[in-house]
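All heavy atoms count here, side chains included; hydrogens, waters and symmetry mates do not. Naming convention: chains lettered A, B, ... in sequence-line order (proteins, then strands); numbering from 1 in each chain.
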2 protein chains.
Amino acid sequence: MSVKEVRTRRPLADSTAVHDQVYDSIRQALITGKIAPGVGVSLRSLAAELGVSPMPVRDAVRRLVAERALAINPANKRLSVPSLTAERLEQLELARRWIEPELAARAAPRADEALVRRLKAIDLDLEEALRVGDVDGYMVANHAFHFAIYERAGAEVLLAMAGGLWLQIGPFMRVVFGRVGTGSLPADRHAEAMDALKARDAEGARRAIAADLSEGMDKMRAAVEAGAGLTAAPAGQTVITM
Amino acid sequence: MSVKEVRTRRPLADSTAVHDQVYDSIRQALITGKIAPGVGVSLRSLAAELGVSPMPVRDAVRRLVAERALAINPANKRLSVPSLTAERLEQLELARRWIEPELAARAAPRADEALVRRLKAIDLDLEEALRVGDVDGYMVANHAFHFAIYERAGAEVLLAMAGGLWLQIGPFMRVVFGRVGTGSLPADRHAEAMDALKARDAEGARRAIAADLSEGMDKMRAAVEAGAGLTAAPAGQTVITM
DNA sequence: CGCGTGAAATTGCGATCACAATGCACGAAC
DNA sequence: GTTCGTGCATTGTGATCGCAATTTCACGCG
């Protein structure tokens, strides 16, 4: 419902091209884990669900495939969220544990009062989501918290790499946290990170984010080793809204 | 000339879809530095040059933009190779110096006789290219040498990240080596790397690749700091062939 | 009741068209 | 000679169509 009504022709300079909106929709769905890993969706079905023609969906999907957030079965040509093997998880963890603390360390000297205040607000949302068991809200808030920091680093290339990594593990974070029931561990690490940022302590921020990641990835690794996350499907239906 | 003749309709399961061929063409042109940074090309002109309709070019370009190998001017919407600023170079160097030695170290235990032989052959081509001043051949051989090693690591995620990084600096490596005149430094590091791989010495391979990268990036940094590579255009025309 | 076998529906890819917006160039006014 | 406006060519985007290949499902034979 209310997917899109009239949609007059978009002007050229308008940044909200349809394929960008579609991209953002799918990306958000991936980060928050709304798209179940393993299910094969088709281009036309996605287009129908979003109320647009297949063309902009094709464009958006190409971007996501290039970012390895989606995979195309070479035989079927059907697209799905690539399943997370132990090897993939190991590499993603390694990359995240290198790049994200680095971004945090670079952000620390550039942190200001406004950033800390925004982080505090996000963290309140996050704890609220944890308290009421809102997995969706937790995923959104956690992503927002980390990338509010990372964007502050002013490191475009590294930021894009970090974004790509989140896109690849997002669906599985959802699976894991959905199972574990949003164990309330990570909040304290966030407090440490905020303290370090407030003090402009680069190494402290690096350690705090590294610890936060380690805890989260430990849970994911445990889940995957238990055979859970490989091809699991959490809720079922793919809910994408623009 | 001889871009494409009849081109009967490709079957669905055929891996050589037109947009993939276009992607490979542009990618190769970027890695070898055949596309000059800063020049704005249009979708239709690219399509005409390749002898295909604009549609598969659109697909290929989307992938490359997602990989940050091409950039779209938000106002013009014309696409170009993103110019290399000092900040971008610093981040790319950092990322490369982390990920590529890691891949080399992972490849070392899995190296075999065939790999070393292939590397030796590539290195001969490389030295030959250096000797006769064939910048193109040097770029191709250097890329082949590194990724013959990296592919052996069996680390799909990290390999893709490394490939993306090469795609981003490729055009500028060309500019720099075109200027410097292919100073013959890097060959010895390649010999070190091959020795380490033959001995299955992970840390030795890591050091050799790290040293190779350092030397290359030092040259690039010097060139960029001299104000050369920022928006420089080496030869001029974009030569893309399928 | 199981299992091939047929046709019909669905799929991705590429071409072509329409359209709005921008770029560019030629010419007029001062 | 310089500058500004006006027209035309070109651009990216999205919709629609055609095609070949695959998938899906039902029906009938064993």
Can you check the [X] [atom1] to [N] [atom2] distance for me, whole Å?
X: B:L79; N: D:dG12; atom1: CG; atom2: P; value: 6 Å
X: B:I72; N: C:dT22; atom1: CD1; atom2: P; value: 16 Å
X: A:D59; N: C:dC13; atom1: CG; atom2: P; value: 12 Å
X: A:E49; N: C:dT10; atom1: CD; atom2: P; value: 17 Å
X: B:R62; N: C:dG14; atom1: CZ; atom2: C1'; value: 16 Å
X: A:L50; N: D:dG14; atom1: CG; atom2: C1'; value: 15 Å
X: A:D20; N: D:dG14; atom1: CG; atom2: P; value: 8 Å
X: A:L43; N: D:dT23; atom1: CG; atom2: C1'; value: 16 Å

Practice task
Could you say whether B:R44 or B:P56 is positioned toward the 5' end of DNA chain C, judged by the nucleotide with the nearest heavy atom to each?
Solution key: B:P56

Handout entry: Pairs satisfying salt bridge (Lys or Arg N to Asp or Glu O under 4.0 Å), at least one member in residues 78-87 of chain A, at least two apart
Key = none

Handout entry: Sub-4.5 Å side-chain heavy-atom contact between B:L84 and B:L92
Key = yes

Exercise for the section: Just jot down the side-chain contact (heavy atoms from CB on, under 4.5 Å) partners of B:D136, sequence neighbours excluded, or say none. Expected result: B:K34, B:D134, B:R174

Problem - All stems with DNA chain D, defined as three or more consecutive Watson-Crick or G-U pairs under 3.5 Å - result: C:1-3 with D:28-30, C:7-30 with D:1-24

Handout entry: Partners meeting ring pair (Phe, Tyr, Trp, His ring centres under 6.0 Å) with B:F145 (sequence neighbours left out)
Key = B:H190

Handout entry: All ring pair (Phe, Tyr, Trp, His ring centres under 6.0 Å) counterparts of B:W166, not counting sequence neighbours
Key = B:H143, B:H146, B:F147

Exercise for the section: Mark yes or no for a side-chain to base donor-acceptor pair under 3.5 Å between A:R58 and D:dG14, with no hydrogen or angle criteria applied. Expected result: no

Handout entry: Distance below 4.0 Å between A:S42 side-chain N/O and C:dT10 OP1 or OP2
Key = no

Exercise for the section: Report the nucleotide, chosen from C:dG12, C:dG14, D:dT16, that has the shortest atom-to-atom distance to any side-chain atom of B:A17. Expected result: C:dG14

Exercise for the section: Hey, which sits more toward the 5' end of DNA chain D by its nearest nucleotide, A:M55 or A:R78? Expected result: A:M55

Problem - Pairwise distance OH(B:Y138) to CE(B:M173) - rounded to 0.5 angstrom - result: 6.0 Å

Residues 63-75 of chain B, side-chain donor-acceptor partners within the protein, below 3.5 Å, at least two apart:
{"unit_1": "B:R63", "atom_1": "NH1", "unit_2": "B:D20", "atom_2": "OD1", "d": "2.9"}
{"unit_1": "B:E67", "atom_1": "OE1", "unit_2": "B:Y23", "atom_2": "OH", "d": "2.8"}
{"unit_1": "B:E67", "atom_1": "OE2", "unit_2": "B:Y23", "atom_2": "OH", "d": "3.0"}
{"unit_1": "B:R68", "atom_1": "NH1", "unit_2": "A:E156", "atom_2": "OE2", "d": "3.3"}
{"unit_1": "B:N73", "atom_1": "OD1", "unit_2": "B:A75", "atom_2": "N", "d": "2.9"}
{"unit_1": "B:N73", "atom_1": "OD1", "unit_2": "B:N76", "atom_2": "N", "d": "3.3"}

